[in-house]
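Let me begin by presenting the structure, written as structure tokens, before commenting on it.
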Amino acid sequence: MSETRPSVLFVCVHNAGRSQMAAAFLSHLAGDRVEVRSAGSAPAGTVNPAVVAAMAEEGIDLTAETPKILTVDAVRASDVVITMGCGDSCPVFPGKRYLDWQLEDPAGQGVDAVRPIRDEIQRRIRRLLDELGE
């Protein structure tokens, strides 16, 4: 492993669904080989309960997670910034790798609707790990 590990920031509007799932999967699959952050441009008060339930089915506990506000520092400190429907609210810095993942928003949906979103996020995280060489 290199001296510096890659850093990935996941951003969506509320930081209550997609970005929480992506960060949790990356942390779960990469362990400490990748630094993981997530944030929202307008964070919700809590993580979506259907997202918490869907992730629990995968053995990942999100009950202690809370939505966080997106900061310029978080973007600046990240090598890869993955946006998920946050539009123009994400600051752009030169030298960063930006990816925009078009994913359905789990807000207001039940666990049955969240599962396919969760599964697609997991597939994308596995591809990202391959790209990062982790």
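Everything numeric in this text was worked out from a predicted model, so none of it was measured.
- For the side chain to side chain contact (heavy atoms under 4.5 Å, CB included) with Gln20, the qualifying choice from His14, Lys68, Met55 is Lys68, the only one to do so.
- Between Gln122 and Arg118, every side-chain heavy-atom pair lies at or beyond the 4.5 Å cut-off.
- Between the side chain of Arg5 and the main chain of Arg33, no donor-acceptor pair closer than 3.5 Å is present.
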| request: Start with the C-alpha gap between Val52 and Val47, add the side-chain angles, then the distance that decides, and say whether side-chain contact (heavy atoms from CB on, under 4.5 Å) holds. | output: CA-CA 7 Å; Val52 173; Val47 175; 3.7 Å; yes
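- Here the closest non-hydrogen pair linking Pro67 and Pro43 is CB-CB, 3.8 Å.
- Glu58 has no carboxylate O lying under 4.0 Å from a charged side-chain N of Arg115, or vice versa, which leaves the two without a salt bridge.
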| message | One pair to check against side-chain contact (heavy atoms from CB on, under 4.5 Å): Ile121 and Arg18. What are the steps and the verdict? | response | CA-CA 8 Å; Ile121 289 171; Arg18 295 165 290 187; 4.2 Å; yes
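- In this structure, Asn15 contributes its side chain and Ser41 its backbone to no donor-acceptor pair below 3.5 Å.
- With hydrogens and angles disregarded, a donor-acceptor distance shorter than 3.5 Å links the side chain of Lys96 to the backbone of Arg76.
- Inspection of the Asp79 and Ser7 side chains reveals no N or O donor paired with an N or O acceptor under 3.5 Å.
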| said: Please evaluate residues Glu131 and Arg124 with respect to the criterion salt bridge (charged side-chain N to carboxylate O under 4.0 Å, His left out), reporting the C-alpha separation (whole Å), side-chain torsions for both, the decisive distance (0.1 Å), and the verdict. | reply: CA-CA 10 Å; Glu131 292 169 14; Arg124 292 180 189 210; over 6 Å; no
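- A donor-acceptor pair shorter than 3.5 Å cannot be found between the side chains of Thr71 and Asp73.
- One finds the CZ atom of Arg37 at 13.0 Å from the CD1 atom of Ile82 (value rounded to the nearest 0.5 Å).
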| task | Tell me, with the steps shown, if Val75 and Val11 meet side-chain contact (heavy atoms from CB on, under 4.5 Å). | result | CA-CA 10 Å; Val75 177; Val11 182; 5.6 Å; no
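- Residues Leu99 and Trp101 are in side-chain contact: their nearest non-hydrogen atoms beyond the backbone lie under 4.5 Å apart.
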| said: Set out, in order, the CA-CA distance, both residues' side-chain angles and the distance that settles side-chain contact (heavy atoms from CB on, under 4.5 Å) for Arg97 and Val81, then state yes or no. | reply: CA-CA 6 Å; Arg97 178 177 174 203; Val81 179; over 6 Å; no
